[in-house]
Amino acid sequence: MTTGGWLFMVVSLSAVTLLVGICFRKVLAAPTDEIDGRSRQEGDG
Amino acid sequence: MRAREQDVAQKEHGWGSRVGVILAVAGSAVGLGNFLRFPGNAAQNGGGAFMIPYFTALVLLGIPIGWAEWVMGRYGGRKGFHSAPMILGVIGKGPVVRYLGVVGVLIPLVVYFYYMLIESWCLQYAFRYFTGGLDLGGAAIGDQVAVSTSTFAVVTAQQADGAVFRADHAGVLVAFLVTFALNLYFVHRGLSKGVELVCRYAMPVMAVCALIVLVRVMTLGTPDPAHPDQNVLAGLGFMWNPNFSKLGDAKTWMAAAGQVFFTLSVGFGVIINYASYLKQKDDVVLSGLTASATNEFFEVALGGMITIPAAVIFLGVELAQKTTGGTFSTGFIALPVVFAHMPFGRLFGGLWFFMLFLAAITSSLSMLQPVRAFLMETLDMDGRPATAVLGAVTFVGCGFVMFFSKDLAALDTLDFWVGTFVIFILAALQLFAFGWVFGIERGFKESEPGALLRIPGVFKFIMKYVAPTYLLVVFVMFCVQNVPGYVRSLSQNPVAVYSWVLILAAITAIVIVTRAGAQRLRARGMDIDGREEA
């Protein structure tokens, strides 16, 4: 495992984890009726 | 008091809905692509050499084209259409894009032909673990790998074409029939919602299971003293050491983009169909990004970090790259050896493959739905006859892949040419229709109603110029480097020729049905060419 490999791994995994965190934070912060509306759509498809 | 109860109930409902959304997104994000296809693809394309084009494709292609697909689907649904050819006909303003859009039905149909088969392998593995039929015990690592490899060959009936019909492969046939019947039953009864519900609980269990297996893989050290070079660091190095030497190979770029599309269901004909049922005020931007991000977490941080190092540790770099039995085989061969090195390995193995089976069922149902919607829309069929036609067609297709099982030649041919190459074409078509015919400004405006997140402005430039150029360059390079050699090799590979006949027959049938549907919908006065601005 080279230094470049460690760097590539840490940056990539951090970026992916950060993106998931940001997305779910926004989902949780959304108004409830928006979420409910979207939740209902899960069944529509 | 009543008001307070209502308030509490509302809060509980709100909390439940939010968790439900998160779990539903996680559930839909996970499938065979994450834990089986990605590690196999990455290993076969050089590990670290694959990861650079993979992340590039994710940012420049996967996420933006996914957004475009969500927006186009919702727009098409508003105009009364639910199938990829009809929606793309409206977006692309005419028959050319509509007929090119038949690949939006071809892809989920043909991918289902082999995806369902892999589902049945997961069922067989789970059954073998729970009944003690797959116990690698405390044998030497070399012997464990040999048993694992031979088990995979038996489960997939790779010895010869038609081996599945031999008496010693009865279990393979039974698993196939059970999986096929389950899929059809769920689609027929519209129970996909119920399966989703199961997955909402099964997927977190799988995530926990994956974390435990990940910890075990990361602490394996150098398990075989006879092979000191096969250790965790070598596995991580194979996956992450940047390797620029293969960046000139268009096949690596094509495989990476294809993997991103496959795993995100972008360019697949699935999102466009699903989004067509959304309401105008429903968010598509944050939903699309959350699904993509969650999927990537499962794929790279769990699926890749578990299976690729495990394959290097137990099989060695050379064998991991050349694992026989196709793209999906790496996980089936390497992971049973990992489970053999874990406490409660049989339990984890059984749980792992059963969860994978459940995750795969939701994904395969999502592949059947666009084809069913296409039949109902174009042929004016009710649900029941549409399901019957779908059952007959998929039985032939799945049977074809199952019969031509020698070295999984049919599966690999369909997976590369439809599961990668044609997906690539559909993605390019959608991007062209969205950015250049529908209009990038209009497309972004369409994404705004209900959006919980705005698409950053830089993606206008990416979607209109960068991504199409990227797709075009890789496509041309791939065709120049690989297609002539592939065509020459067809004479030595009759199963690949049969697979192409199957693909062409499917395209012909879908074109004919699309034509009939277009005539019928036009006669009903529907705006199938997107002439009316709305």
Side-chain angles (χ1 to χ4, degrees), chain A, chain B residues 10-11 13-22 24-26 28 48 51-52 54-55 58 63 192-193 196 232-242 270 273-279 281-284 286-287 289-301 305 366 369 450 452-453:
Chain A
M1 184 82 162
T2 61
T3 310
W6 281 113
L7 203 64
F8 190 22
M9 182 179 87
V10 170
V11 170
S12 303
L13 294 180
S14 305
V16 168
T17 310
L18 195 67
L19 188 61
V20 173
I22 291 170
C23 284
F24 278 127
R25 196 163 162 232
K26 281 192 177 289
V27 169
L28 289 167
T32 308
D33 59 334
E34 298 274 1
I35 295 289
D36 287 346
R38 202 145 46 83
S39 185
R40 277 197 299 275
Q41 293 307 317
E42 296 286 335
D44 290 350
Chain B
Q10 211 165 28
K11 275 180 183 163
H13 178 64
W15 181 83
S17 297
R18 286 171 192 199
V19 171
V21 169
I22 292 169
V25 170
S28 67
M51 298 306 287
I52 299 168
Y54 177 82
F55 282 117
L58 174 69
I63 292 172
S192 58
K193 205 174 166 186
E196 288 286 354
V232 175
L233 281 181
L236 289 175
F238 175 65
M239 183 176 173
W240 292 107
N241 285 345
V270 170
N273 168 253
Y274 172 72
S276 73
Y277 298 99
L278 294 177
K279 295 188 187 102
K281 71 176 184 69
D282 289 326
D283 163 73
V284 291
L286 183 60
S287 300
L289 188 62
T290 308
S292 301
T294 313
N295 188 76
E296 285 311 310
F297 181 79
F298 271 91
E299 180 149 308
V300 178
M305 290 288 282
S366 76
Q369 178 56 31
L452 297 170
L453 180 80

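Throughout, a chain's letter reflects where its sequence line sits, starting with A, and its residues are numbered from 1.
- Of the listed residues (L7(A), L13(A), I22(A), T3(A)), the one with the most heavy-atom contacts under 4.5 Å to chain B is L13(A).
- What you find for T290(B) and C23(A) is that their closest heavy atoms are OG1-CB, 3.4 Å.
- When the side chain to side chain donor-acceptor pair (under 3.5 Å) test is applied to E296(B), the partners found at least two apart in sequence or on another chain are Y54(B).
- For a residue to count as touching a neighbouring chain, one of its non-hydrogen atoms must lie under 4.5 Å from one of that chain's; by this rule M305(B) touches chain A with the side chain only.
- Considering only heavy-atom pairs separated by less than 4.5 Å from chain A, the leading option among L58(B), V300(B), L453(B), L236(B) is L236(B).
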Tell me, with the steps shown, if V11(A) and F55(B) meet side-chain contact (heavy atoms from CB on, under 4.5 Å). CA-CA 12 Å; V11(A) 170; F55(B) 282 117; over 6 Å; no
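- Taking L289(B), L233(B), N241(B), I52(B) one by one and counting their heavy-atom pairs under 4.5 Å with chain A, the maximum is reached by N241(B).
- Partners of T17(A) by side chain to side chain donor-acceptor pair (under 3.5 Å), not counting sequence neighbours: none found.
- Residues A293(B) and V16(A) come closest through the heavy atom pair O-CG1, 4.3 Å.
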